[in-house]
Peer 1: 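Sharing a structure here in structure tokens format.
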There are 2 protein chains.
Amino acid sequence: MQKQENLSKNQKIILDLIEKSSGPLKAYSILFNVKKQGIKAPLQVYRALDKLIEIGKIHKIESRNAFVACKNSNCQVSKATAFSICENCEDVTEVSNLKLSKYLSNFADKSGMKYNKYNLEFFGLCKNCKK
Amino acid sequence: MQKQENLSKNQKIILDLIEKSSGPLKAYSILFNVKKQGIKAPLQVYRALDKLIEIGKIHKIESRNAFVACKNSNCQVSKATAFSICENCEDVTEVSNLKLSKYLSNFADKSGMKYNKYNLEFFGLCKNCKK
DNA sequence: TTAATTATGTTATATTATTACACAGCGTTA
DNA sequence: TAACGCTGTGTAATAATATAACATAATTAA
């Protein structure tokens with residue numbers, strides 16, 4: 001576990017929950033699970049999520065509207081993210097492949113666009129569900 | 001086998017609207033724009049969108065909950081999609097780069113997962129907004 | 001021609017996310 | 001020391017996105 005001294009109370013509660021989860025969590029499921037800790041409203045959850053995303057502690061799985069803890073211990077911000085998502089069991093794994101991230105970070109096409117961020121989601125069947 | 005070349009009435013109306021749009025459209029904005037053509041309920045829109053996505057005529061921009069027409073004339077299904085998104089003007093361009101798509105389609109990591117689909121979203125500033 | 005499939009229409013509701021407003025704590029600075 | 005900016009909190013209300021459930025019609029396949 002990384003240090004979290006700089007996080008606020010709500011941010012800590014929510015990060016802790018996400019880090020302990022075995023899979024992606026949805027915002028309202030997070031809300032349900034932290035009610036006993038005094039967090040009562042969606043906005044309290046979304047504010048903490050926004051901050052945690054901003055500092056790279058968690059990522060949003062866009063295609064699922066769900067949130068996972070960052071597994072790259074050195075990930076400070078979410079500027080280059082890649083995930084593999086099992087379409088059967090909905091398990092999500094963060095892909096950390098140096099070649100891939102270098103390839104994508106350096107990618108440029110003819111559009112003249114300057115990229116500063118990307119998000120990649122692979123879909124398929126995980127080892128277990130393939131059987 | 002199935003011809004399926006023929007789209008239904010609602011599907012045609014909605015595809016037509018999306019194809020004529022200069023940028024991504026959101027579901028409820030689509031709904032608003034097709035009310036005069038007799039489509040009255042969200043579900044009618046979402047059903048048409050689902051079908052159009054399935055056959056590769058449109059794509060969903062996951063990070064924006066918005067829909068764009070497919071610009072790859074040969075794109076039959078949405079199994080390998082890449083977009084560049086301007087964070088200022090929200091313009092979206094479909095990236096069609098053979099090297100990139102080959103690289104990603106053949107990508108495999110140690111997870112043992114078999115990928116059959118991916119979606120990549122690049123973020124940055126487009127040529128105009130960069131100035 | 002019947003059965004299966006696909007699409008439609010409609011109402012209601014579920015799920016995801018934000019706006020708006022009030023206030024509290026904390027470090028800076030002037 | 002208070003005035004300020006900044007970040008975070010609490011709360012209510014509501015907006016935006018998406019699906020469930022049910023009934024019916026149109027199209028396709030055997």
Side-chain angles (χ1 to χ4, degrees), chain A residues 4-18 21 23-68 77-78 87 90 92 119 121, chain B residues 1-18 21 23-68 77 87 90 92 119 121:
Chain A
Q4 332 176 338
E5 279 90 81
N6 45 346
L7 296 179
S8 76
K9 178 178 134 260
N10 288 1
Q11 289 158 12
K12 267 182 226 166
I13 291 171
I14 286 172
L15 176 56
D16 192 54
L17 179 70
I18 297 176
S21 167
L25 291 177
K26 309 204 129 212
Y28 278 70
S29 139
I30 292 169
L31 176 58
F32 178 83
N33 279 284
V34 297
K35 280 229 162 119
K36 61 190 78 131
Q37 284 156 96
I39 296 177
K40 294 173 197 157
L43 192 48
Q44 295 174 287
V45 172
Y46 281 105
R47 284 197 284 223
L49 290 174
D50 285 349
K51 182 67 180 181
L52 293 168
I53 288 170
E54 188 193 324
I55 63 176
K57 293 291 190 188
I58 66 170
H59 304 299
K60 180 172 186 180
I61 309 301
E62 294 288 357
S63 66
R64 299 298 187 259
N65 299 315
F67 303 86
V68 293
V77 281
S78 303
E87 290 180 302
E90 293 294 331
V92 168
N119 179 58
E121 298 181 3
Chain B
M1 306 305 130
Q2 278 128 318
K3 35 184 182 176
Q4 203 50 270
E5 287 297 327
N6 290 335
L7 297 178
S8 75
K9 179 179 133 259
N10 289 359
Q11 289 158 12
K12 267 183 228 162
I13 291 171
I14 287 172
L15 176 58
D16 192 54
L17 180 69
I18 296 175
S21 167
L25 291 179
K26 309 206 129 213
Y28 277 72
S29 138
I30 292 170
L31 176 58
F32 177 82
N33 280 284
V34 296
K35 281 228 161 120
K36 62 191 75 132
Q37 284 156 96
I39 297 179
K40 294 174 196 156
L43 194 46
Q44 295 175 287
V45 172
Y46 281 106
R47 285 196 283 224
L49 290 174
D50 285 349
K51 182 67 179 182
L52 293 169
I53 288 169
E54 189 194 323
I55 63 176
K57 292 290 190 190
I58 65 169
H59 305 299
K60 180 173 186 180
I61 308 301
E62 293 287 356
S63 66
R64 299 297 188 260
N65 299 316
F67 304 85
V68 293
V77 281
E87 290 179 302
E90 293 293 332
V92 169
N119 179 57
E121 297 180 3

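Below, chain A is the first sequence line, B the second, and so on; all start at residue 1. When reading the values below, keep in mind they use all heavy atoms of this one structure, side chains included, and skip hydrogens, waters and symmetry mates.
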Peer 1: Out of C/dA7, D/dT11, D/dT17, which has the shortest distance to the side chain of B/Ser8?
Peer 2: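 The closest nucleotide is C/dA7.
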Peer 1: Check this one for me: any side-chain N or O of B/Asn10 less than 4.0 Å away from OP1 or OP2 of C/dG9?
Peer 2: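 Yes, within the criterion.
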Peer 1: Rounded to whole angstroms, how far apart are NZ on B/Lys12 and P on C/dA7?
Peer 2: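 Whole-Å distance recorded here is 12 Å.
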Peer 1: Atom CZ of A/Arg64 to atom C1' of D/dA18: distance rounded to whole Å?
Peer 2: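 Distance check: A/Arg64 CZ to D/dA18 C1' gives 15 Å.
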Peer 1: Does the side chain of B/Ile58 come within less than 4.5 Å of B/Val68's, by heavy atoms?
Peer 2: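 Side chain of B/Val68 against side chain of B/Ile58, heavy atoms only: no contact under 4.5 Å found.
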Peer 1: Any donor-acceptor pair under 3.5 Å linking the side-chain atoms of B/Ser63 with those of A/Glu62?
Peer 2: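 A/Glu62 vs B/Ser63: no donor-acceptor pair found between side chains.
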Peer 1: Just to be sure I understand the rule, does A/Gln11 reach a base, reach only the sugar-phosphate, or reach nothing, if contact means heavy atoms closer than 4.0 Å?
Peer 2: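 If one applies the 4.0 Å heavy-atom cut-off, A/Gln11 turns out to touch the sugar-phosphate alone, with no base involved.
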Peer 1: Show the distances under 3.5 angstrom between N or O atoms of the protein and N or O atoms of nucleotides 18-25 of chain C.
Peer 2:
none

Peer 1: Assuming nearest nucleotide by heavy-atom distance, tell me which of A/Lys40 and B/Asn65 is located more 5' along DNA chain D.
Peer 2: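 Result of the comparison: A/Lys40.
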Peer 1: Please report the distance, rounded to the nearest Å, between CD in A/Glu54 and C1' in D/dT7.
Peer 2: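 My rounded result for the distance is 11 Å.
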Peer 1: Find the distance A/Leu7:CG to D/dG8:C1' and express it as a whole number of Å.
Peer 2: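 Distance, rounded to whole Å: 12 Å.
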Peer 1: Do the non-hydrogen side-chain atoms of A/Leu7 and A/Ile55 ever get within less than 4.5 Å of each other?
Peer 2: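 Of all side-chain heavy-atom pairs linking A/Ile55 with A/Leu7, at least one is under 4.5 Å.
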Peer 1: Any side-chain N or O of B/Lys51 less than 4.0 Å from the OP1 or OP2 oxygen of C/dT5?
Peer 2: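 B/Lys51 to C/dT5 OP1/OP2: no side-chain N or O under 4.0 Å.
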Peer 1: Less than 4.0 angstrom between a side-chain N/O of B/Lys9 and OP1 or OP2 of C/dG9, yes or no?
Peer 2: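 Yes, within the criterion.
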Peer 1: So, the side chain of B/Gln11 versus the backbone of B/Ser8: is there a donor-acceptor pair under 3.5 Å, distance only?
Peer 2: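 Confirmed, B/Gln11 side chain pairs with B/Ser8 backbone.
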Peer 1: Is there a side-chain contact between B/Lys26 and the phosphate of D/dT17, meaning an N or O under 4.0 Å from OP1 or OP2?
Peer 2: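 B/Lys26 to D/dT17 OP1/OP2: side-chain N or O found under 4.0 Å.
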Peer 1: Distance check needed: C/dG9 C1' versus B/Gln37 CD, whole Å only.
Peer 2: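 So the CD-C1' distance, B/Gln37 to C/dG9, works out to 17 Å.
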Peer 1: Do the side chains of A/Pro42 and A/Tyr28 get nearer than 4.5 Å, heavy atoms only?
Peer 2: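 Sidechains of A/Pro42 and A/Tyr28: in contact.
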Peer 1: Treating B/Gln37 as the side-chain partner and B/Val34 as the backbone partner, does any N or O pair qualify as donor plus acceptor under 3.5 Å?
Peer 2: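 No, the answer is negative, given that no donor and acceptor are paired below the 3.5 Å cut-off.
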Peer 1: B/Glu62 has an atom CD; how far is it from atom P of C/dT16, in whole Å?
Peer 2: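 Nearest whole value for this atom pair: 13 Å.
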Peer 1: So, the side chain of B/Lys60 versus the backbone of B/Leu49: is there a donor-acceptor pair under 3.5 Å, distance only?
Peer 2: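 The answer is no, because no donor-acceptor pair under 3.5 Å joins these two groups.
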Peer 1: Hey, is the side chain of B/Gln44 poking within less than 4.0 Å of OP1 or OP2 on C/dG9, counting only N and O atoms?
Peer 2: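 So the side chain of B/Gln44 is within the cut-off, an N or O lying under 4.0 Å from OP1 or OP2 of C/dG9.
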Peer 1: Could you state the CG-P distance from B/Leu31 to D/dT19, rounded to the nearest angstrom?
Peer 2: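 The distance from CG of B/Leu31 to P of D/dT19 comes to 15 Å, rounded to the nearest Å.
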Peer 1: Within this structure, what is the CG-to-P distance between B/Leu49 and D/dA18, rounded to whole angstrom?
Peer 2: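 Those two atoms, CG and P, are 9 Å apart.
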